[in-house]
Amino acid sequence: MHQKVLKRLELETCLRQALENQEFHLYYQLIISLATSELLGFEALIRWHHPRQGWISPSEFIPIAEETGLIIPLGEWLLQEACQQISILENRFSKFNSLKISVNISSHQISQANFVERVKSILETTQLKAHYLNLEITETVLMNNIESGCFKLQCLQNLGIQISIDDLGTGYSSLNYLQQLPIDILKINRSFVARLESNPEQLQIIEAIIKLADTLGMKTLAEGIETSEQSDLIKSLGVNYAQGFLFSKPLNKNLVEQTLYSLSDSSSMWKTDCQSEFRI
Ligand code: C2E
Ligand code: MG
Ligand code: MG
């Protein structure tokens, strides 16, 4: 207990300096269309390289960043960095001229009164068109600020930005709210996918999510696809998009470029036989 408290205090102190010391890095995980096997874009995932403790998972430091309010400057930095990076890739790889970038947004960010203005300003400075950006929001984020959250999401969607609900089924969403919110994509949490082969009831849950998405005019994305069996199964159920270690682990920006070079040489189709080269 004592050790845990000490570690947390140390993380909190270091977190304050980490942004200045440029210890954060963005990694990018590929998102694939299951129908066409095309690469659609990436999800940006933050990593912290601590000078003594090495790589620290976002699950460990994002909650501390939220509690301390550091998530605001951190979130701003990572949104800017992700938009900048995809803008560079769009210019460098003319063949991939419609790659989207998905960025995770925390509840504190969306609670900011000027959140929509901040996103607009980042799009302007990075010269990224709004329809290349997708913001991932968890159910809990929305349940905390339902009315103002809904209004801000609508403003963002009106600009052309896509909205996804992340980790669907793990929070406390009300189906009623899902209907009112401007959502483009429902992301099916990997806990449902992981148990797919051993537990057929998971199939029915995924089928129900797909039906719900269809009824509400939304698309579905399954997270955490690790095997080709899982990929085939979710494809046969009608899930639209997928991401997971089967296609790629989160890649640093050099590996993203290598992947795009390799795909430009062949076709824009994602081939699972080249994935191992790009694993980290
Ligand atoms: P998430 O947004 O649901 O991200 C998906 C997580 O699943 C990532 O973990 C990713 O590395 C992992 N993952 C992807 N495919 C597979 C797979 O096939 N198998 C397994 N076992 N795992 C897979 P990561 O990067 O550790 O991120 C964890 C969570 O931390 C994210 O969940 C997100 O909630 C949060 N996070 C990450 N980056 C950011 C960020 O930039 N901003 C904010 N606010 N939160 C972030
Ligand atoms: Mg996410
Ligand atoms: Mg998720």
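Remember, it's 1-based here, ligands and their atoms both numbered in the order they're listed.
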Might you check, step by step, whether the distance between atom 32 (O) of ligand 1 and some protein heavy atom is under 4.0 Å?
-> no
Heavy-atom distances under 4.0 Å are what count here, so tell me which part of Leu26 touches ligand 1: side chain, backbone, both or neither.
-> neither
Nearest protein heavy atom to atom 43 (C) of ligand 1, by residue and atom, and its distance?
-> Asn104 CB, 3.6 Å
Can you label the angle between the Trp48 ring and the His50 ring as parallel, tilted or perpendicular, going by 30° and 60°?
-> tilted
Any heavy atom of Gln243 sitting closer than 4.0 Å to ligand 1?
-> no
Lys/Arg cation over aromatic Tyr132: Lys129, 6.0 Å, 45° cone | no
Does Gln154 CD have over 12 foreign heavy atoms under 6.0 Å away?
-> yes
Under 4.0 Å between a Lys/Arg side-chain N and an Asp/Glu carboxylate O for Glu12 and Arg16?
-> yes
What closest approach, in Å, do Phe115 and Gln109 show between heavy atoms, and which atom pair accounts for it?
-> CD1-O, 3.3 Å
Does some non-hydrogen atom of the protein lie less than 4.0 angstrom from atom 22 (N) of ligand 1?
-> yes
Hey, is atom 9 (O) of ligand 1 under 4.0 Å from any protein heavy atom?
-> no
Which atoms of ligand 1 are found less than 4.0 Å from any heavy atom of Asp167?
-> 3 (O)
Looking at atom 27 (O) of ligand 1, what's its closest protein heavy atom, distance included?
-> Pro58 CG, 3.4 Å
Is Arg52 paired with Glu10 through a side-chain N to carboxylate O contact shorter than 4.0 Å?
-> yes
Element-labelled atoms of ligand 1 that are located less than 4.0 Å from some non-hydrogen atom of Ser59 | 28 (C)
Does the pair Glu117/Lys152 count as a salt bridge with the N-to-O cut at 4.0 Å?
-> no
With a 4.0 Å cut-off, strictly under, does atom 6 (C) of ligand 1 pick up any protein heavy atom?
-> no
Aromatic ring proximity Phe24/Phe61, centre distance under 6.0 Å | yes
Ligand 1 contact on Lys249 by region, counting heavy-atom pairs under 4.0 Å | neither
Atom name of the N, O or S atom of Glu43 nearest to the Mg ion (ligand 2) is OE2
Glu43 to ligand 1: N or O pair under 3.5 Å?
-> yes
Please work out which of Gln109, Gln29, Glu66, Arg47 has its closest non-hydrogen atom nearest to atom 25 (O) of ligand 1.
-> Arg47
Going by an N to O cut-off under 4.0 Å, is there a salt bridge joining Glu81 and Lys253?
-> yes
For Phe245, is at least one N or O under 3.5 Å away from an N or O on ligand 1?
-> yes
Glu226 heavy atoms, cut-off 4.0 Å: which ligand 1 atoms fall inside?
-> 17 (C), 18 (O), 19 (N), 20 (C), 21 (N)
Taking only Lys NZ, Arg NE, NH1 and NH2, and the carboxylate oxygens of Asp or Glu, determine whether Glu23 and Arg47 approach each other closer than 4.0 Å.
-> no
Can you measure from CD1 (Ile205) to CZ (Phe192) and round to the nearest 0.5 angstrom?
-> 5.5 Å
Counting only protein N/O/S atoms, those under 2.8 Å from the Mg ion (ligand 3) total 4
With Ile86, which of Val103, Leu99, Leu133 fulfils side chain to side chain contact (heavy atoms under 4.5 Å, CB included)?
-> Leu99
